[in-house]
Amino acid sequence: MENQINVYEAIAESDVAIFWEQLRAYFERDILPDPEDEDREYFLDGTEYRENIQKLHERPQDRCHYLFFHRDGQEIGFAMPVIYTTEDGKCFILEFCVYPEFRGSGTGKECVRALLDWAAENGALYAELNYGGDNRRLRFWENVGFIKNGADEWGEPLLALPPKEDIPITVEALNDPDEWQLKKLINGYLLELGRQPLEEEQQQRLQQAIRDGKITFLIAKRGYRAVGMYTFHGVHGESVFCKGNGAISYVEPIFRKQGIAQKLAQAAQDTKI
């Protein structure tokens, strides 16, 4: 069909080589145009980034895919998604690019739709991405239905396209103080308050407080994904990430109005946290 956008996966070595050439050009042109940017070495000049992504690409589950967008037999862009079938069907879009000469006239939105259709065919139930705090990217993704959804474990803001499917929610006490998903939830909570994400020293003190039994967290999970938390904090909690004494309950925005906060509160009452 004329003007239809199709998604093709780079599998042959020659296609993978082209993908990495385009990815590097995208970083240099669109993401890190400042020659003085300290991140350029990691993404453009070093091998660590490529080695890390290649490990994700080669692992047997939750693989990273190298995709091209084609229209009328012509390559017009690419995407790099990871589908977490072992989590709750999340498709995390690591990178997305329409080449400059093909931008405009709704091509970006059409590529997003093609990507989401491809993801659904490969087991994805919804999508999420890190937009880097870039207002231009924020407006683009909001225009295709994504909404702000907290922050990642490093404190970077996230956007997500809410899932249509319901998956049972379970609530459990946090057992691993190093759990990365707890960092993600706390950073989302702090972002909503207009505060900075936890610094490394704060994370270490919080982890030690959990080990010492000074702070207990209940975690709401949708499959494997943590989507909410509850804790009752005292003096030690105040010194780490919150002010005052009392209960803190947080649910990621796309999972609100599903009774998760009530489940957390009930579990807290049952366990006398």
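For the numbers below, each heavy atom of this structure counts, side chains included, while hydrogens, waters and symmetry mates do not.
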Using a strict threshold of under 4.0 Å (side-chain N to carboxylate O), is an ion pair present between [Y] and [X]?
| X | Y | answer |
| --- | --- | --- |
| E128 | R225 | yes |
| K263 | E172 | no |
| K184 | E252 | yes |
| R211 | D178 | yes |

Item checked: Closest contact, heavy atoms only, Q196 versus L190 -> O-CD1, 3.4 Å
Aromatic ring proximity [X]/[Y], centre distance under 6.0 Å:
| X | Y | result |
| --- | --- | --- |
| F68 | F78 | no |
| Y230 | F217 | no |
| Y126 | Y84 | no |

Note to self: Applying salt bridge (charged side-chain N to carboxylate O under 4.0 Å, His left out) to R136 and E142, what does each step give before you reach the verdict?
What the structure shows: CA-CA 10 Å; R136 180 182 59 82; E142 285 184 330; over 6 Å; no
Next item on the list: For the pair H70 and Y8, name the ring-plane relationship: parallel under 30°, tilted 30 to 60°, perpendicular over 60°.
Entry: tilted
Check: Would you call the rings of F27 and F43 parallel, tilted or perpendicular if under 30° counts as parallel and over 60° as perpendicular?
Finding: tilted
Notebook entry, point to check: Please walk me through it: do E153 and N187 pass side-chain hydrogen bond (donor to acceptor under 3.5 Å, both in side chains)?
Noted result: CA-CA 7 Å; E153 61 268 39; N187 285 335; over 6 Å; no
Next item on the list: For the pair Y42 and N52, evaluate side-chain hydrogen bond (donor to acceptor under 3.5 Å, both in side chains) and give the outcome as yes or no after the intermediate values.
Entry: CA-CA 11 Å; Y42 175 71; N52 289 338; 3.3 Å; yes
